[in-house]
*Asks:* 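Below you will find the structure I want to go over with you.
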Amino acid sequence: MGKTYDAIDDRLADFLARQPVFFVATAPLAADGHVNCSPKGTRDNLVLMGPRRVVYQDMTGSGAETIAHLRENGRIIIMFCAFEGPPRIVRLHGKGSVVVEGGPDFADLMACFPAHPSTRALISVEVERISDSCGYGAPFMTFAGHRENLDHWSETKGPEGLVAYRAEKNRFSIDGLPALA
């Protein structure tokens with residue numbers, strides 16, 4: 001039942017844009033390293049940059065596994081699940097890179113996203129494999145809205161507080177891989 005695609009066409013792009021959440025998974029090269037899977041964003045936090053490239057806004061969090069793993073090996077998968085309507089799961093496998101503030105392309109890419117004080121990086125993914133599957137096992141769920149906790153937390157910390165938090169919590173992955181400088 002699953003299908004692979006050569007590119008993200010308009011129909012597939014529409015499906016991706018309608019999903020209120022997506023999931024990102026990465027892993028270190030070490031066999032005993034921790035695989036990471038994180039829920040991400042809102043409809044505005046992921047932008048299609050071409051038929052085989054997506055960029056998403058990475059927000060400050062208690063860990064920086066995705067950043068560390070991408071810097072080590074670049075492997076990433078982004079998964080979208082239809083929790084409403086017809087069942088469907090779409091996976092984008094690719095090579096990701098971390099674009100940080102002050103780095104090449106950051107300002108141009110950031111212009112595609114809403115300003116958010118918690119933005120710590122942008123994740124750019126060159127998509128190598130696009131596939132879908134039935135999604136029969138995914139439950140129906142009703143979307144009630146996005147949480148505002150991150151907005152409030154970021155505003156309370158302020159710019160200097162966010163820099164200090166990232167320096168303390170986001171320098172290394174849980175496996176000790178370098179993440180943010």
Side-chain angles (χ1 to χ4, degrees), residues 2 4-5 7-8 16 19-42 44-81 83 89-106 109-110 112-113 116-133 135 137-138 146-147 149-150 153-154 157 161-181:
T4 59
Y5 301 85
I8 301 170
L16 302 180
Q19 306 318 306
V21 65
F22 56 96
F23 301 87
V24 173
T26 59
L29 292 175
D32 61 347
H34 291 83
V35 174
N36 185 63
C37 183
S38 299
K40 300 291 182 187
T42 68
D44 295 333
N45 293 125
L46 183 130
V47 175
L48 181 62
M49 302 299 289
R52 295 185 74 87
R53 182 177 179 217
V54 297
V55 176
Y56 74 85
Q57 205 171 9
D58 183 64
M59 304 298 190
T60 301
S62 58
E65 306 312 298
T66 300
I67 291 171
H69 296 162
L70 292 179
R71 289 188 173 199
E72 183 193 43
N73 62 56
R75 297 178 305 163
I76 189 168
I77 181 171
I78 303 175
M79 183 180 77
F80 301 81
C81 296
F83 295 115
I89 296 172
V90 173
R91 291 177 179 89
L92 307 176
H93 294 84
K95 291 290 183 191
S97 60
V98 181
V99 182
V100 295
E101 188 171 1
D105 300 326
F106 184 84
L109 289 173
M110 191 60 207
C112 299
F113 296 96
H116 195 286
S118 190
T119 302
R120 67 179 172 191
L122 300 172
I123 304 298
S124 177
V125 180
E126 296 298 328
V127 179
E128 298 172 341
R129 184 175 193 272
I130 304 160
S131 64
D132 70 2
S133 58
H146 291 288
R147 299 177 193 267
N149 302 61
L150 183 61
W153 179 83
S154 299
K157 285 271 187 208
L162 285 168
V163 169
Y165 182 88
R166 291 176 192 138
E168 178 187 348
K169 303 281 189 180
N170 296 164
R171 287 187 47 168
F172 298 97
S173 74
I174 58 177
D175 296 316
L177 295 172
L180 291 175

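Only heavy atoms go into these numbers, but all of them, side chains included; no hydrogens, no water, no symmetry mates.
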*Asks:* Could you give the distance from CG (N45) to CG (L122), rounded to the nearest 0.5 Å?
*Replies:* 10.0 Å
*Asks:* Please report the closest heavy-atom contact between R166 and P117, naming both atoms and the distance.
*Replies:*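 Of all heavy-atom pairs spanning R166 and P117, the closest is NH2-O, 3.6 Å.
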*Asks:* Under 3.5 Å, is there a donor-acceptor pair between the side chain of R171 and the main chain of A64?
*Replies:*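 Side chain of R171 to backbone of A64, a donor-acceptor pair under 3.5 Å: no, none is there.
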*Asks:* Look only at the side chain of T119 and the backbone of A121, and say whether a donor-acceptor pair between them is shorter than 3.5 Å.
*Replies:*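 Side chain of T119 to backbone of A121: no pair is present.
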*Asks:* Please determine, by modelled atom types, if S124 and R53 share a side-chain donor-acceptor pair under 3.5 angstrom.
*Replies:*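 Note: S124 and R53 side chains meet the donor-acceptor criterion.
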*Asks:* Can you confirm whether the side chains of T4 and R129 place a donor and an acceptor under 3.5 Å from each other?
*Replies:* no
*Asks:* Kindly compute the distance separating CD1 (I67) from CG (L180), expressed to the nearest 0.5 Å.
*Replies:*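 That separation rounds to 4.0 Å.
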*Asks:* Please report the interatomic distance CG(D105) to CE(M110), rounded to the nearest 0.5 Å.
*Replies:*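 Atom-to-atom, D105:CG and M110:CE are 14.0 Å apart.
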*Asks:* How about E126 and R52: do any of their side-chain heavy atoms sit closer than 4.5 Å?
*Replies:* no
*Asks:* Quick check against the 3.5 Å criterion: does N170 have a side-chain atom that pairs as donor or acceptor with the backbone of A179?
*Replies:*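 The answer is no, because no donor-acceptor pair under 3.5 Å joins these two groups.
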*Asks:* Side-chain contact, heavy-atom cut-off 4.5 Å: V100 with F106?
*Replies:* no
*Asks:* Do Y56 and F22 have ring centroids that are under 6.0 Å from one another?
*Replies:* yes
*Asks:* Are any side-chain N or O atoms of T26 and backbone N or O atoms of H69, one a donor and one an acceptor, separated by less than 3.5 Å?
*Replies:* no
*Asks:* Looking at CD1 of I76 and OG of S97, how far apart are the two atoms once the value is rounded to the nearest 0.5 Å?
*Replies:* 9.5 Å
*Asks:* Hey, mind stepping through M59 and R120 against side chain to side chain contact (heavy atoms under 4.5 Å, CB included) and telling me if it holds?
*Replies:* CA-CA 5 Å; M59 304 298 190; R120 67 179 172 191; over 6 Å; no
*Asks:* Do I77 and L92 have side chains that approach each other closer than 4.5 Å (heavy atoms only, starting at C-beta)?
*Replies:*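 When only atoms from C-beta onward are counted, L92 and I77 do not touch, as no gap falls below 4.5 Å.
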*Asks:* Between L177, L70, N36, which is the residue that forms a side chain to side chain contact (heavy atoms under 4.5 Å, CB included) with E65?
*Replies:*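 Answer after filtering L177, L70, N36: N36.
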*Asks:* Kindly check if the number of other-residue, nucleotide or ligand heavy atoms within 6.0 Å of CD (E101) is above 12?
*Replies:*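 Open: at most 12 neighbouring heavy atoms sit under 6.0 Å from CD of E101.
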*Asks:* List the residues meeting ring-ring contact (aromatic ring centres under 6.0 Å, His included) with Y5, not counting sequence neighbours, and say none if there are none.
*Replies:* none
*Asks:* Less than 4.5 Å apart, any side-chain heavy atom of H116 and any of Q57?
*Replies:*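 Yes - at least one pair of side-chain heavy atoms lies under 4.5 Å apart.
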*Asks:* How long is the gap from CD1 on I123 to CG on L46, to the nearest 0.5 Å?
*Replies:* 11.5 Å
*Asks:* If you compare all heavy atoms of A27 against all heavy atoms of N73, which two are closest, and at what distance to 0.1 Å?
*Replies:*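 Looks like O-ND2, 2.8 Å.
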*Asks:* Quick one: closest heavy-atom pair of F83 and Q19, and the distance?
*Replies:*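 Heavy-atom minimum between the residues: N-OE1, 4.4 Å.
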*Asks:* Would the distance check show the side chain of E72 and the main-chain N or O of L29 forming a donor-acceptor pair, the cut-off being under 3.5 Å?
*Replies:*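 Yes, E72 side chain to L29 backbone: donor-acceptor pair under 3.5 Å.
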*Asks:* I'd like to know whether F113 forms a side chain to side chain contact (heavy atoms under 4.5 Å, CB included) with V47, so could you lay out the CA-CA distance, the side-chain angles of the two residues, the decisive distance to 0.1 Å, and finally the verdict.
*Replies:* CA-CA 8 Å; F113 296 96; V47 175; 3.4 Å; yes
*Asks:* What are the two closest heavy atoms between S118 and L150, and how far apart are they?
*Replies:*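 Heavy atoms only, the tightest pair is OG-CD1, 3.5 Å.
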*Asks:* Can you list the residues that meet the ring-ring contact (aromatic ring centres under 6.0 Å, His included) rule with H34, with sequence neighbours excluded?
*Replies:*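 Not a single residue meets the ring-ring contact (aromatic ring centres under 6.0 Å, His included) criterion with H34.
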*Asks:* I'd like to check the side-chain contact (heavy atoms from CB on, under 4.5 Å) partners of I89; sequence neighbours left out, ordered by chain and number.
*Replies:*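 M79, C81, R91, S133.
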*Asks:* Under 4.5 Å between any side-chain heavy atoms of F23 and K40, yes or no?
*Replies:* no
*Asks:* Mind checking whether L48 and I8 have side chains closer than 4.5 Å, heavy atoms only?
*Replies:*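 With C-beta onward as the side chain, the pair touches.
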*Asks:* Show, in sequence, the C-alpha distance, side-chain angles and deciding distance for S154 and Y165, and conclude whether the side chain to side chain contact (heavy atoms under 4.5 Å, CB included) test is met.
*Replies:* CA-CA 10 Å; S154 299; Y165 182 88; over 6 Å; no
*Asks:* What's the spacing between L162 CG and T60 OG1 if we round to 0.5 Å?
*Replies:*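 Here the rounded value is 5.0 Å.
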*Asks:* Any heavy-atom pair between the side chains of V90 and I78 that's under 4.5 Å?
*Replies:* no
*Asks:* State, with a plain yes or no, whether a side-chain heavy atom of M49 is found less than 4.5 Å away from one of L109.
*Replies:*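 M49 vs L109: side chains touch.
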